[in-house]
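Both backbone and side-chain heavy atoms feed into the values below; hydrogens, waters and symmetry mates do not. Order of the sequence lines fixes the chain letters, A, B, ..., with proteins taken first and strands second; residue numbering starts at 1 for each chain.
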Amino acid sequence: MAKELPKVYDPKEVEDRIYKMWEEGGYFHAKIDPSKKPFTIVMPPPNVTGQLHMGHAMDATLQDILIRFKRMQGYSALWMPGVDHAGIATQIKVEEELRKEGLTRYDLGREKFLQKVWEWKEKYGNRIVQQQKTLGSSCDWERSRFTMDEGCSAAVREVFVRLYEKGLIYKGSRIINWCPDCVTALSDAEVEYQEKPGHLWHIKYPVKDSDEFVIVATTRPETMLGDSGVAVNPKDERYQHLIGKTCILPLVNREIPIVADEYVELEFGTGCVKMTPAHDPNDFEVGLRHNLEVIRVLDDKGVVNELGGKYQGLDRKAARKAVLADLEALGLLVKTEDHVHNVGTCYRCHNDVEPLISAQWFVKMKPLAEEALRVVADGETKFVPERFTKIYTNWMENVRDWCISRQLWWGHQIPAWTCADCGKITVSRQDPTECEHCHSKSITRDEDVLDTWFSSALWPFETLGWPEKTPELDYFYPTDVLVTGYDIIFFWVARMIFSGCEHTGKAPFHTVLIHGLVRDDKGRKMSKSLGNGIDPLEMVDRFGADALRMNMVTGNSPGNDMRFYVERCESFRNFANKIWNASRFVLMNLTIDKPGLPDVSALETADKWILSKLNALIGEVTENLEKYELGMAVQKVYDFIWDQYCDWYIELTKSRLYGEDESSKTTAQQVLVYVADQFLRLLHPFMPFITEEIWQAIPHEGESLIIASWPTVNPALSFPQEETAMEKIMDVIRAVRNRRAEMNIPFSKKSTLYLVSNEPELYKSGEAFITKMAYASELVLTDDLPENHESMISAITPDAKVFMPVSQLLDIEKELANIQKELEKAQKDLGFIENKLNNPGFMAKAPQAVVEGEKEKAEKLRQLISQLEDSKARLEKM
RNA sequence: GGGCGCUUAGCUCAGUUGGUAGAGCAUCCGCUUGACGUGCGGAUGGUCAGCGGUUCGAGUCCGUUAGCGCCCACCA
């Protein structure tokens with residue numbers, strides 16, 4: 001049944017076909033099956049408008065590996081996919097589209113605008129799903145969800161109402177982070193701080209009824225329009241006499257009090273701080289303590305409002321210039337210092353965030369944080385790598401109330417109605433028709449929508465049907481592993497944990513697997529503005545999805561950033577091609593059509609060796625995967641396939657496959673197929689496409705590799721003795737090859753090999769291999785040195801000496817130098833070990849096995865040295 | 001100010017219970033070896049950032065210093 005496969009593996013030809021086959025087979029769909037254990041991963045939902053980038057590729061690869069592994073292990077493995085409505089991002093995108101037509105969202109009005117966004121969502125929402133499929137992601141697409149679908153919306157509403165009723169959601173006027181460009185409030189997590197060079201301006205405020213001044217220092221002079229006080233430290237001797245007096249706010253001519261507050265640092269600046277309670281969180285706190293007026297002078301777009309007097313209408317930058325110019329003209333600007341400070345910027349648009357007072361909705365975090373901290377402290381939820389536990393804990397312990405309202409249109413509108421008559425708020429699961437307090441009909445719904453992360457926080461259970469008690473929720477929840485980058489631990493992971501605890505009474509997953517960021521080859525973050533992003537789809541196109549996946553999971557350690565090298569994709573493409581050709585070889589020489597091993601008695605040394613190696617591999621890879629050491633797991637499979645199976649086992653079978661012994665031939669074929677079948681299974685989670693394609697081509701049982709069972713260690717196929725024997729034979733082959741390579745002897749020059757050892761029967765069993773792979777014209781096994789061995793080239797292993805009579809090709813000086821080098825190395829090594837053995841401490845305290853091992857090593861080295869010395873002496877005579 | 005990570009071969013990085021260091025790429029030598037030149041066989045290359053400690057023994061554990069990077073807090 002020899003099959004003809006092309007010489008080069010072509011992923012393009014294979015991947016779409018295989019993916020379709022999986023989809024049509026329904027293998028991605030996880031059924032509720034009481035006879036199986038569930039294993040669940042919820043996918044971090046990408047933005048509806050998003051394009052697949054390397055971060056997604058990383059996420060998807062890790063999750064797919066775990067899901068495929070568990071599916072093969074017999075779990076009902078659910079990978080729950082979906083997309084996120086991504087409030088700001090999506091709204092901005094649609095607004096940009098509108099702008100091309102010269103329109104704003106206000107021109108359309110809320111209803112029409114939302115209609116537009118939904119159209120946009122229908123148009124582009126599926127794009128990223130298609131892109132994910134090219135990576136081979138085995139998601140249960142039938143269950144795919146959208147954060148604004150009916151179910152999720154119901155869950156969001158339920159959660160909002162519950163938290164409100166428990167007093168954990170409230171509306172209040174607080175200093176929040178406001179982005180004047182996105183025109184919305186942001187949560188603390190959405191602010192990114194950047195060190196920026198700025199200035200510290202020193203401004204004179206005249207003290208009322210006095211010739212004195214106080215000098216305040218500020219980095220944001222325009223906010224002085226909203227100043228309602230000046231604060232000094234109560235212990236500051238310089239200003240004791242001014243406490244309780246008032247000063248005249250320049251430009252505005254408002255009388256503002258001078259108050260004493262511990263908040264002010266004595267050493268920084270002048271020791272006097274202008275107080276702008278409406279535009280600074282600290283000033284707001286101080287203001288509360290001293291009853292300072294709250295005067296908000298910037299509007300939602302960052303433009304000075306009517307309280308800013310003559311500066312009204314200027315945006316914040318222009319206002320700063322104007323204020324400084326006027327102060328200068330009045331001689332009130334006494335000093336301008338360079339000053340580097342941290343400026344909060346919007347994570348979306350990267351413009352400076354303006355802290356300002358605003359009425360917003362908040363989630364009271366302290367009570368929710370308690371359980372979220374406990375489940376992690378008690379190990380019910382573990383972070384991998386472990387170090388992220390501390391980051392999470394630290395954040396959760398210091399968490400402040402979460403500002404959840406956004407002044408957007410695209411999102412879950414807050415289910416709160418304010419009464420025009422009594423002014424009270426009605427929050428309800430059903431849209432109310434009247435105020436629940438005074439029954440007035442004049443109620444209006446809050447315009448704001450919820451932070452996108454408010455719905456994402458419910459993702460692990462809302463996607464399974466919560467708040468309904470669905471069978472899915474019962475079976476698949478809590479989920480198992482959550483995979484994501486460290487950059488969204490606060491945004492998402494933390495919020496899912498407290499939400500899961502609060503609403504379902506259970507932590508939403510037992511493991512959080514954190515990965516790092518994918519950077520470019522210079523270590524820079526991939527970004528649109530830098531134009532240094534590498535498109536995963538292009539990599540799939542050029543090298544195949546399997547190669548890209550391998551790149552994602554190797555070459556870095558968990559939780560650390562990785563640099564993306566295109567060359568690495570290339571090397572994994574080569575690996576794919578290597579496996580392809582190995583299987584091509586197997587298929588070309590195949591006369592059997594059923595899988596299965598022969599009786600153990602039929603197995604030869606080489607067979608037992610590879611089977612034994614395979615057994616060890618299965619154990620290690622499984623263990624690595626259970627511990628989320630994906631990179632290590634796949635490295636071992638890679639090495640096994642390339643170094644053991646291809647470089648050795650295939651070569652070892654050739655003489656049998658081309659030989660006359662039919663039984664040996666069949667055995668070799670059976671083992672070749674068996675081992676291939678097993679390593680294809682081990683590799684499948686990592687390189688799903690090529691493994692499936694090959695598996696379908698070789699004799700196999702079952703309909704698809706994706707649902708084939710995961711290999712398990714089989715003690716009956718462990719052969720330590722044959723493993724050792726084979727290694728000894730391989731040592732001889734390597735030694736001869738090394739020696740020949742050192743002397744540049746071409747393969748075509750064959751020679752008689754005299755092999756001297758005290759286990760001639762062992763080497764006899766490997767005669768065919770040694771002859772072929774060590775380029776022998778003839779192999780002579782002896783237990784005594786051959787005649788004229790002095791004139792031969794020697795290759796030495798710990799257990800054997802090989803002599804080759806090719807003196808005519810020998811460069812004696814080069815050979816002597818080689819031997820001298822080896823001798824020195826051996827002597828150095830021996831010295832090291834002898835030191836150990838002469839060390840009474842070592843002899844007394846090291847475990848017996850280690851001591852024995854060292855003694856053996858020393859003995860081997862002594863033998864090697866004496867052999868080398870012999871060779872040296874011989875050569876010197878020549 | 002607090003915390004974390006990194007520093008290992010020319011480059012990028014592995015190295016999980018402490019037992020004289022590995023991979024990929026690059027470099028050099030050789031090879032039309034009946035699967036594969038996207039290949040085969042070899043080779044070169046490392047005082048594992050510095051210092052101190054624990055230990056019979058440290059890349060691996062502890063302390064400390066330096067450089068780089070990140071996160072959190074934020075003195076206007």
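Contact annotation for A:Lys390: backbone-only contact, meaning every heavy-atom pair under 4.0 Å involves sugar-phosphate atoms and none involves a base. Among the atoms of the strands shown, only primed sugar atoms or phosphate atoms (P, OP1, OP2) are found under 4.0 Å from some heavy atom of A:Arg387.
Across all strands shown, the partner of B:C25 is B:G10, judged by Watson-Crick or G-U wobble contacts whose two distances both fall under 3.5 Å. Figure legend. B:G30 is base-paired to B:C40; pairs are counted as Watson-Crick or G-U wobble with both atom distances under 3.5 Å.
Taking the side chain of A:Trp642 as heavy atoms from C-beta on, and the options B:G39, B:A76, B:A35, the nearest nucleotide is B:G39. Among the nucleotides B:A14, B:G30, B:G15, the one closest to any side-chain atom of A:Phe747 is B:G30. When distances run from any side-chain atom of A:Arg737 to the nucleotides B:C36, B:G42, B:C11, the shortest one goes to B:G42. Checked against B:U12, B:G37, B:A76, the side chain of A:Lys7 finds its nearest nucleotide in B:G37. With B:A76, B:U20, B:A35 as the candidates, the nucleotide lying closest to the side chain of A:Asp829 is B:U20.
A:Asn177 and A:Asp188 are linked by a side-chain donor-acceptor pair at a separation below 3.5 angstrom, with hydrogens and angles left out of the test. The closest side-chain donor-acceptor pair between A:Asp352 and A:Thr345, if any, does not fall under 3.5 angstrom.
In this structure, A:Phe832 packs face-to-face on the six-membered ring of B:U20, meeting both the 5.5 Å centre cutoff and the 30° plane limit. Judged by centroid separation below 5.5 Å and plane tilt below 30°, A:Phe268 does not stack onto the base of B:A76.
Ion pairing of A:Glu262 with A:Lys235 is present here, as a side-chain N (NZ or NE/NH1/NH2) and a carboxylate O approach within less than 4.0 Å.
Side-chain N or O atoms of A:Asp280 include none that pairs as donor or acceptor with a backbone N or O of A:Thr276 at under 3.5 Å.
When the P atom is compared between B:U7 and B:U12, the two are found 12 Å apart, to the nearest whole Å.
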